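Some notes on the structure that comes next.
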Amino acid sequence: MHRGDVPLVVEPGVGLAAQREAAGVWARATAVRDGLPSVPSLADKLVGVQQALGEAGASLLVARRGATIVGFCVLVPQGDVLEVRYLAADPSAWGSGVAPALLDGVGSRARAGSFERGELWVIADNARAIALYERSFWVGTERIEVRGSAGRPERLFTRRFA
């Protein structure tokens with residue numbers, strides 16, 4: 001067990017408070033990932049999380065240590081595919097098993113929902129994230145697109161669940 005023996009629990013995130021905490025995790029994680037001089041606005045990140053959650057069937061999965069959300073992902077069904085729209089761990093929890101636990105949760109949700117495969121997009125030069133996904137049995141494809149407002153190339157990763 002990590003972080004003072006407080007267990008890590010992966011569960012559905014419900015309500016505005018969970019969405020706000022997830023947006024805070026996303027803001028802090030992207031600031032560190034991108035080497036920003038300050039953490040982006042929580043309000044800006046919350047808009048993106050809520051837009052993804054507004055899609056039909058979308059859900060929030062969170063990783064908690066005690067009462068604190070230390071990671072999250074947004075799952076969006078697309079036919080027989082479960083898309084991971086966001087996945088982030090708070091930088092204070094990097095290396096403590098949060099992201100692999102969330103990816104295990106994605107697999108459990110996918111199998112329970114009879115999704116044949118999963119998809120996620122990752123910034124093409126984000127070696128840390130790519131290594132995590134590959135360790136978790138996600139496979140990079142040749143498909144690369146410039147997506148989102150950042151204008152950075154992203155690579156599609158897939159995983160079979162069936």
Side-chain angles (χ1 to χ4, degrees), residues 1-53 58-76 82-110 118-140 144-159:
M1 209 168 301
H2 298 289
R3 308 286 182 211
D5 291 335
V6 176
L8 181 65
V9 176
V10 175
E11 62 188 11
V14 179
L16 181 58
Q19 293 171 17
R20 289 179 60 79
E21 281 192 72
V25 167
W26 186 245
R28 290 185 297 278
T30 58
V32 172
R33 178 196 70 198
D34 297 341
L36 301 177
S38 62
V39 176
S41 157
L42 176 99
D44 290 345
K45 299 301 183 184
L46 182 59
V47 167
V49 169
Q50 288 179 326
Q51 283 178 337
L53 288 170
S59 61
L60 179 63
L61 192 63
V62 299
R64 291 185 187 274
R65 282 219 165 84
T68 303
I69 291 177
V70 294
F72 79 100
C73 59
V74 175
L75 306 176
V76 180
L82 186 59
E83 181 183 358
V84 179
R85 188 67 57 88
Y86 286 89
L87 188 140
D90 193 279
S92 68
W94 284 2
S96 70
V98 171
L102 284 166
L103 288 170
D104 287 347
V106 170
S108 296
R109 298 288 290 279
E119 289 185 354
L120 60 82
W121 289 87
V122 61
I123 294 173
D125 64 357
N126 187 343
R128 179 183 174 88
I130 289 169
L132 164 73
Y133 298 138
E134 290 174 341
R135 283 192 310 270
S136 298
F137 309 106
W138 291 78
V139 177
I144 297 176
E145 296 179 7
V146 175
R147 300 167 45 92
S149 60
R152 294 167 72 177
E154 296 183 27
R155 185 174 180 194
L156 178 65
F157 275 68
T158 64
R159 180 171 175 193

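The structure presented is a predicted model; accordingly, all values stated were derived computationally and were not measured. We count residues from 1, following the sequence as given.
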Go through the steps to decide whether Arg128 and Leu132 satisfy the test side-chain contact (heavy atoms from CB on, under 4.5 Å), and finish with yes or no. CA-CA 6 Å; Arg128 179 183 174 88; Leu132 164 73; over 6 Å; no
Chi angles and distances behind the side-chain contact (heavy atoms from CB on, under 4.5 Å) call for Leu16, Gln50: CA-CA 9 Å; Leu16 181 58; Gln50 288 179 326; 3.4 Å; yes
Take Asp104 and Val10 through the test side-chain contact (heavy atoms from CB on, under 4.5 Å) and record every step on the way to the result. CA-CA 9 Å; Asp104 287 347; Val10 175; over 6 Å; no
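A pairwise comparison of heavy atoms in Ser136 and Leu103 identifies OG-CD1, 3.5 Å as the closest pair. The minimum heavy-atom distance between Val98 and Ala89, with the atom names listed, is CG1-CB, 3.8 Å. Between Leu102 and Ala88, the shortest heavy-atom distance links the atoms CD1-O, 4.0 Å. The two residues Pro40 and Ala31 come nearest to each other via the heavy atoms CD-CB, 3.8 Å. Looking at every heavy atom in both residues, Val106 comes nearest to Leu82 through O-CD2, 4.1 Å. The two atoms that bring Leu8 and Ala63 nearest to each other are CD1-CB, 3.8 Å, heavy atoms only.
Aromatic ring orientation, Tyr133 versus Phe157: tilted (interplanar angle from 30° to 60°).
In this structure, CD1 on Ile144 lies 12.5 Å from CD1 on Ile123, to the nearest 0.5 angstrom. Here the CG atom belonging to Leu46 is positioned 10.0 Å from the CD atom belonging to Gln51, to the nearest 0.5 angstrom. Atom-to-atom distance recorded for Thr30:OG1 and Lys45:NZ is 3.5 Å, nearest 0.5 angstrom. With rounding to the nearest 0.5 Å, the separation of CG in Leu120 from OH in Tyr86 is 14.0 Å. Leu42 contributes atom CG, which lies 8.5 Å from atom CZ of Arg28 (distance to the nearest 0.5 angstrom). Atoms CD and CG, from Glu119 and Leu156 in turn, are 5.0 Å apart once rounded to the nearest 0.5 Å.
In this structure Glu145 satisfies the side-chain hydrogen bond (donor to acceptor under 3.5 Å, both in side chains) test together with Arg143, sequence neighbours excluded. Under the side-chain hydrogen bond (donor to acceptor under 3.5 Å, both in side chains) criterion, Glu154 pairs with no residue at all, not counting sequence neighbours.
Trp138 places a side-chain heavy atom less than 4.5 Å from the side chain of Val84.
Sorted by first and then second residue, the side chain to side chain donor-acceptor pair (under 3.5 Å) pairs with a member in residues 31-44 read Asp34-Arg152; sequence neighbours excluded.
Between the side chain of Arg65 and the main chain of Thr68, no donor-acceptor pair closer than 3.5 Å is present. Judged purely by atom type and a 3.5 angstrom limit, Arg109 has no side-chain atom pairing as donor or acceptor with the backbone of Gly105.
Screening Val49, Leu87, Leu61 against Phe72 for a side-chain contact (heavy atoms from CB on, under 4.5 Å) leaves a single residue, Val49.
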